[in-house]
**Q** 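For reference, the structure I am asking about is given below.
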Amino acid sequence: MIKKLRKKFIAVAMLSVIAVLAIIIALINVVNFVNTGNDADSTIDIIAEHGGSLPSVDGFFKNEESLYRTRYFTVVITDEGEVLRQLTNTSYIATVTAVEAESYAKELYAKGRTSGYYDDYRFNAKAASVTFTADNTALNATMYIFLDCSEELDSFYAFLWASILISLAGLAVTFVLVFFLSKMAVKPMADSYEKQKRFITDASHEIKTPLTIIDANTEVLEMTNGENEWTESIRNQVKRLTSMTQKLVFLSRMDENAEKEQKTDFSLTDAVTETAQPFKTPANNKGKTFSVDAESNVTLHGNESEIRQLISVLIDNAIKYSDENGYIEISLRTLGKYKEITVKNSVNEIEQGKHNELFERFYRSDKSRNSETGGHGIGLSIAQAVVENHNGKITAKSEDGKSLTITAVLS
């Protein structure tokens with residue numbers, strides 16, 4: 001149990017760190033990418049304001065070299081989709097020809113795109129008015145301005161990968177630290193848990209002796225004075241306490257030796273049918289319908305004695321808490337690689353929905369789970385411990401408020 005707790009602690013800690021780092025990396029890189037685009041758009045706006053050329057006036061750039069490092073080209077397209085080739089300008093870039101520039105602009109115009117990225121180029125479509133000096137006519141058109149952002153994008157991606165790799169390295173270091181420090185974190189709980197188990201085991205052994213003496217003395221009283229309601233009550237309470245201490249010791253031992261137990265392949269079908277058979281007569285004597293539907297040739301790798309005890313606990317619980325003249329249905333099914341044991345019984349009244357609180361130790365419902373039935377509130381805790389020891393899951397649920405279905409899924 002402590003190992004499971006430690007694993008959960010490590011998992012929660014690492015998931016928290018991963019989530020925080022992912023958010024930080026995402027925000028930083030998104031802001032970086034947006035700023036890169038905004039800077040490019042600012043330069044494009046300057047080019048558009050000056051008719052497709054960068055101005056030489058001071059104040060537009062931080063230094064004079066920025067003017068010569070800016071590579072761009074422009075293409076003008078009429079509202080009819082015709083490229084005005086005489087206005088195509090590729091003089092500020094050496095890697096793109098006029099034909100390539102026009103094909104880029106045509107493709108974007110056909111798709112209706114007015115801004116964004118085309119390969120390593122940031123582009124914007126700006127409204128333009130073209131005047132022909134020959135006949136002094138004006139024509140409405142769109143100027144596509146492409147700005148080379150390859151250096152800026154390379155810098156962005158370099159920063160992105162660097163932040164990811166550094167974060168992964170940080171996660172690796174964090175995992176190592178959490179792995180070793182987690183032992184210290186769970187140590188107080190581990191110590192407390194060990195003391196609790198030791199107390200249960202020691203107390204159970206200490207209780208056995210007085211119970212044995214009480215039982216022996218009761219037997220002597222019955223031999224001397226005969227049986228009466230008082231000696232019968234004493235015997236019943238002795239049996240009750242003896243059964244409870246045995247169950248507590250069983251739970252404690254399971255917690256201690258869960259990983260050390262030897263597991264083998266056995267017939268789960270036989271385990272279900274053979275364990276259920278002795279309960280049929282007591283159930284029928286109480287006027288309850290008892291049925292078993294087990295799929296044939298189902299095998300399981302596990303501890304057979306524990307599984308048989310699991311089945312016994314579930315059936316015993318169903319008989320005790322089913323309503324008068326009710327029913328108990330036991331079934332075994334295979335679901336792929338999983339095996340499902342289901343025990344369903346009728347009840348007088350129960351709230352619809354999940355009832356996993358029934359697996360808590362010493363839990364009792366005020367309406368139906370009382371001491372008159374002879375239970376201790378430990379049986380279903382044992383069932384849960386057995387299922388978890390076999391890497392399974394157990395649930396309790398009422399679908400109609402008139403029945404309770406306990407399902408154990410084993411792997």
Side-chain angles (χ1 to χ4, degrees), residues 25-164:
I25 292 173
L27 288 176
I28 290 175
N29 284 281
V30 166
V31 170
N32 190 16
F33 185 77
V34 170
N35 287 338
T36 299
N38 289 340
D39 291 342
D41 289 339
S42 298
T43 303
I44 290 174
D45 290 340
I46 295 172
I47 295 173
E49 290 174 4
H50 293 81
S53 299
L54 278 173
S56 58
V57 182
D58 294 339
F60 286 102
F61 297 97
K62 293 181 180 179
N63 54 65
E64 189 176 353
E65 292 299 326
S66 298
L67 176 65
Y68 298 97
R69 287 202 303 268
T70 305
R71 296 182 295 277
Y72 68 95
F73 59 92
T74 61
V75 179
V76 179
I77 300 179
T78 66
D79 290 346
E80 288 75 25
E82 180 184 354
V83 175
L84 299 179
R85 295 183 175 177
Q86 65 273 27
L87 298 180
T88 300
N89 183 3
T90 59
S91 58
Y92 295 96
I93 192 167
T95 57
V96 179
T97 65
V99 175
E100 291 174 335
E102 292 168 5
S103 68
Y104 296 164
K106 283 182 179 180
E107 180 181 346
L108 294 172
Y109 185 83
K111 293 180 179 179
R113 294 181 60 188
T114 58
S115 63
Y117 284 97
Y118 187 96
D119 291 337
D120 290 337
Y121 302 103
R122 179 75 176 179
F123 70 89
N124 259 304
K126 302 292 185 180
S129 180
V130 180
T131 302
F132 295 95
T133 56
D135 52 3
N136 200 31
T137 57
L139 184 65
N140 292 327
T142 300
M143 176 184 289
Y144 274 88
I145 304 172
F146 295 82
L147 181 66
D148 185 357
C149 295
S150 56
E151 291 184 2
E152 289 80 0
L153 290 175
D154 288 343
S155 176
F156 165 76
Y157 288 118
F159 180 82
L160 173 64
W161 284 111
S163 61
I164 293 175

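Please read all numbers here as calculations on a predicted model, not as lab measurements.
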**Q** Apply side-chain contact (heavy atoms from CB on, under 4.5 Å) to Val30 and list each qualifying residue two or more places apart in sequence or on a separate chain.
**A**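 With neighbours one apart ignored, the set is Val34.
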**Q** Hey, could you give me each pair passing salt bridge (Lys or Arg N to Asp or Glu O under 4.0 Å) that has a residue in residues 76-89? Not counting sequence neighbours.
**A**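 Listed by first then second residue: Arg85-Glu102.
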**Q** With sequence neighbours excluded, what pairs up with Asp39 under the salt bridge (charged side-chain N to carboxylate O under 4.0 Å, His left out) test?
**A** none
**Q** How close do Ala101 and Thr90 get, heavy atom to heavy atom, and via which atoms?
**A** CB-CG2, 3.9 Å
**Q** Only one of Leu84, Thr88, Val83 passes side chain to side chain contact (heavy atoms under 4.5 Å, CB included) with Gln86; say which it is.
**A**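 By the side chain to side chain contact (heavy atoms under 4.5 Å, CB included) criterion, Gln86 pairs with just one of Leu84, Thr88, Val83: Leu84.
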**Q** Under the salt bridge (charged side-chain N to carboxylate O under 4.0 Å, His left out) test, which residues partner Asp120, sequence neighbours left out?
**A** none
**Q** I'd like to check the ring-ring contact (aromatic ring centres under 6.0 Å, His included) partners of Tyr121; sequence neighbours left out, ordered by chain and number.
**A**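 Partners of Tyr121 under the ring-ring contact (aromatic ring centres under 6.0 Å, His included) test: Phe73.
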**Q** By the salt bridge (Lys or Arg N to Asp or Glu O under 4.0 Å) test, which pairs, at least two apart or in different chains, include something from residues 151-160?
**A** Arg71-Glu151
**Q** Please report the C-alpha distance between Phe146 and Ile93 in whole Å, then the side-chain angles of each, then the deciding distance to 0.1 Å, and finally whether the side-chain contact (heavy atoms from CB on, under 4.5 Å) criterion is met.
**A** CA-CA 10 Å; Phe146 295 82; Ile93 192 167; over 6 Å; no
**Q** Considering residues at least two apart in sequence or located in another chain, which fulfil the side-chain contact (heavy atoms from CB on, under 4.5 Å) criterion with Asn32?
**A** Thr36, Phe156, Phe159
**Q** Give me the atom names and distance for the closest heavy-atom approach of Tyr72 to Thr74.
**A** CD1-CG2, 4.3 Å
**Q** Set out, in order, the CA-CA distance, both residues' side-chain angles and the distance that settles side-chain contact (heavy atoms from CB on, under 4.5 Å) for Asn29 and Ser163, then state yes or no.
**A** CA-CA 9 Å; Asn29 284 281; Ser163 61; 3.4 Å; yes
**Q** Among residues at least two apart in sequence or on other chains, which ones pass side-chain contact (heavy atoms from CB on, under 4.5 Å) with Ser91?
**A** Asn89
**Q** If the condition is side-chain contact (heavy atoms from CB on, under 4.5 Å), which residues does Ala40 pass it with, not counting sequence neighbours?
**A** Arg122, Leu147, Cys149
**Q** Got a second to check how far Ser155's OG is from Leu160's CG, nearest 0.5 Å?
**A** 11.0 Å
**Q** Would Val75 and Tyr104 satisfy side-chain contact (heavy atoms from CB on, under 4.5 Å), going step by step from the backbone distance to the final call?
**A** CA-CA 9 Å; Val75 179; Tyr104 296 164; over 6 Å; no
**Q** Can you sort out the partners of Ser150 under side-chain hydrogen bond (donor to acceptor under 3.5 Å, both in side chains), two or more places apart, ordered by chain and number?
**A** Asp148
**Q** How long is the span from the CD1 atom in Ile44 to the NZ atom in Lys126, to the nearest 0.5 Å?
**A** 7.5 Å
**Q** Output all residues satisfying ring-ring contact (aromatic ring centres under 6.0 Å, His included) with Tyr109, sequence neighbours left out; order by chain, then residue number.
**A**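 With sequence neighbours excluded, Tyr109 shows a ring-ring contact (aromatic ring centres under 6.0 Å, His included) to no residue whatsoever.
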**Q** Name every donor-acceptor pair, under 3.5 Å, that has one atom in a side chain of residues 112-119 and the other anywhere in the protein, sequence neighbours excluded.
**A**
{"residue": "Arg113", "atom": "NH2", "partner": "Tyr117", "partner atom": "O", "Å": "3.1"}
{"residue": "Tyr118", "atom": "OH", "partner": "Glu107", "partner atom": "OE1", "Å": "2.8"}

**Q** Taking atom CG of Asp41 and atom CD1 of Ile145, what is their separation to the nearest 0.5 Å?
**A**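 Asp41 CG to Ile145 CD1: 10.5 Å, rounded to 0.5 Å.
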